[in-house]
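Each remark here refers to the structure printed beneath this line.
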Amino acid sequence: MCGIVGYVGKRNAADLLVKGLEKLEYRGYDSAGIAVINSNGKLEVQKVKGRLFNLEEKLKESPIKGNIGIGHTRWATHGAPSVLNSHPHINRTGTIAVVHNGIIENYIELREWLIEKGYKFITDTDTEVVPHLIDYYYEGDIVDASIKAVKKLQGSYALGIVSLNDPNKIVAVRKDCPLIVGLNKDENFIASDIPAVLNETRDVYFLEDNEFVVLSENGVEILDENKEKIEKEVYHVTWDADAAEKSGYDHFMLKEIHEQPKVTKDTMTSRIILGEDIKLDKINLTKEQIDKFNKVYIVACGTAYHAGIVGKYVIEKLARIPVEVDIASEFRYRNPIIDKNTLMIVVSQSGETADTLAAMRLAKNEGARVIAVTNVVGSTVSREADDVLYTWAGPEIAVASTKAYTTQLVAMYIIALYFAKNKGTLTDEEIEVIKKDMLELPEKEKEVLEHQDVIKKFAKDHFEETDMFYLGRGLDYAVAMEGSLKLKEISYIHSEAYAGGELKHGPIALIEFGTVVIAVATQPDLFEKMVSNIKEVKTRGAKVLAVALKGNENVEKTCDGAMYLPEVNPLLAPILAIIPLQLLSYYISIAKGCDVDKPRNLAKSVTVE
Ligand code: F6R
């Protein structure tokens, strides 16, 4: 993970680096630092442990003046969070500074090699080999030295490099970690993600793996490993910088939860229109091609994986194609059976998750066709997949995913309907009914968001719990898993999700007087079975909050509280049912005084394995 930025131009670099890092803190926030070539021609480095505001304070005490520099916000992998281990890292003579996102897998070998050559190491990081390697290869040209050094690296990296020997240039390169270049008049930027430059420019380049970029205030050159020039199209960002601001909400997470009606609508726009065929943007999948798919894998991590589980239910139910859902980190190492009749759907908000990318590359190598469902235009997943279906959630800043999940669900429904139409497993009339129900979702989501009292009260009464259980059957089980993950992530309360039917096979042993159970019961054909599960845990003393559809108010007789959702096509209920669970986690986290948007140990974009 980690976020990197770089600035070269006429303005004060430190100010712009800190502003950029503010927008990247979601990628890691255990330490931060900058390196600037100051107006006296010296390389000045300032690093702090902890949040970015510590760096801002440090810079107020000892400002750095200069027009070129690089910055970093860290999510520790190699070496504990500390001032010493934080980036930028420098070479022995203090002339070269490097920021790095990713993992250098062969750093031990390189470290030993460099130690033999007389280099000394002072940190526990993998990154420290990079400035020393560049130093070793430096023969008068920082670009040449960087290219030679990078050739020695194995692993993943986005690197930003400045050197006193070429004081007007930033060199940057990426492999398996995101990196963009922001273009402006008389100034240029590098960053791990667009929001870091959006206040300054809307014109960006997306770098590909093994592309080097050399920035000065006068221009940007992109080169391959042989220093051949590469031409690239400028991408003009159209979304609003405000989308990455809190807009009056206390936290990004709360704002993003409330954005769900809008983003659900946006993700359906132009794809789901009554009386017209479902449109999958530019994805061209013919009936013949769809008929040939003998297997669909949905592969993802975390919340996106939970969206994939819903995807499995709906694709199998509506289109009758067998679907396997896999956690990307498992899929890539289990030698899955893939051939040219396999379809892989990778789901990734960021489009940069290392395991998801690796799983996708594996499937492509074996001949599978890959559709990416991603939220980030220009992300690696979007560029490497055969086809892309964007979720239009807008920038998601809170580490815990909410609106991106909802839009991933919408994407799953769209794909399932498209397949069902082409395979003829649903009639046109049946498809129209589901489309109509989908189009009503945004209003229903608004309605759910207007009734938060039950959830707020339950959060107030139970924020001090140490364990909670989530139960559901069918689609509700998928929702329970996501609800449980949200709670763990932002409130640090231990929680587990179980399929209702599994309860008796072990987990019920954990239920004792006062144990909190959240029972999701939106599926009519499984409702009575869920009620039985609720009774089973109630009999053993559990405190139960049910999430059910209106019309099922009887459920209250068996539990301690209930949140009712507007009546909805049961197939689409996950989109509504997740909202109270997101809110519950949010209010519990607030009551506990946790850092909602930046929970401990987590980072938004997991670009390392
Ligand atoms: C949970 C969460 C993570 C991500 C996971 C995959 O709230 O955000 O579990 O869902 O790290 O990330 P993407 O979707 O970017 O591949």
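Source: prediction; values computed, not measured. Counting starts at 1 for both ligands and their atoms, in listed order.
Side-chain atoms of Asp476 and Thr522 include a donor-acceptor pair closer than 3.5 Å. A donor-acceptor contact under 3.5 angstrom links the side chains of Gln260 and Thr406, judged on distance only. For the 3.5 Å distance criterion, the side chains of Gln452 and Tyr587 qualify, holding a donor opposite an acceptor.
Side chain of Glu316 to main chain of Val323: a donor-acceptor pair is present (N/O by atom type, distance under 3.5 Å, no hydrogens or angles). Between the His72 side chain and the His100 main chain, a donor and an acceptor come within less than 3.5 Å of each other. Using modelled atom types, one side-chain atom of Glu352 and one backbone atom of Thr380 make a donor-acceptor pair closer than 3.5 Å.
Ligand 1 has no N or O atom lying under 3.5 Å from any N or O atom of Thr356, backbone or side chain. Residue Thr303 has at least one nitrogen or oxygen atom sitting less than 3.5 Å from a nitrogen or oxygen atom of ligand 1, judged on distance alone.
One finds a salt bridge joining Glu324 and Arg334 here, because a Lys/Arg side-chain nitrogen approaches an Asp/Glu carboxylate oxygen to under 4.0 Å.
With respect to atom 1 (C) of ligand 1, the closest heavy atom belonging to the protein is Glu489 OE2, 2.8 Å. In terms of protein heavy-atom proximity, atom 15 (O) of ligand 1 is closest to Ser350 OG, 2.6 Å. The nearest protein atom to atom 14 (O) of ligand 1, hydrogens excluded, is given as Gln349 N, 2.6 Å; this is a heavy-atom distance. Closest to atom 5 (C) of ligand 1, if we only count protein heavy atoms, is Cys301 O, 3.6 Å. Closest to atom 11 (O) of ligand 1, if we only count protein heavy atoms, is Val606 CG2, 4.0 Å. Considering only non-hydrogen protein atoms, atom 13 (P) of ligand 1 sits nearest to Thr353 OG1, 3.2 Å.
Side-chain contact between Pro599 and Tyr492 is present, with at least one heavy-atom pair separated by less than 4.5 Å.
Counting heavy atoms closer than 4.0 Å to ligand 1, residue Lys486 contributes side-chain atoms (C-beta onward) but none from N, CA, C or O.
Against a heavy-atom cut-off of under 4.0 Å, Ala304 is close to the following atoms of ligand 1: 10 (O), 14 (O). Distances below 4.0 Å separate heavy atoms of Ala400 from the following atoms of ligand 1: 7 (O). The atoms of ligand 1 that sit less than 4.0 Å from any heavy atom of Val399 are 7 (O), 8 (O).
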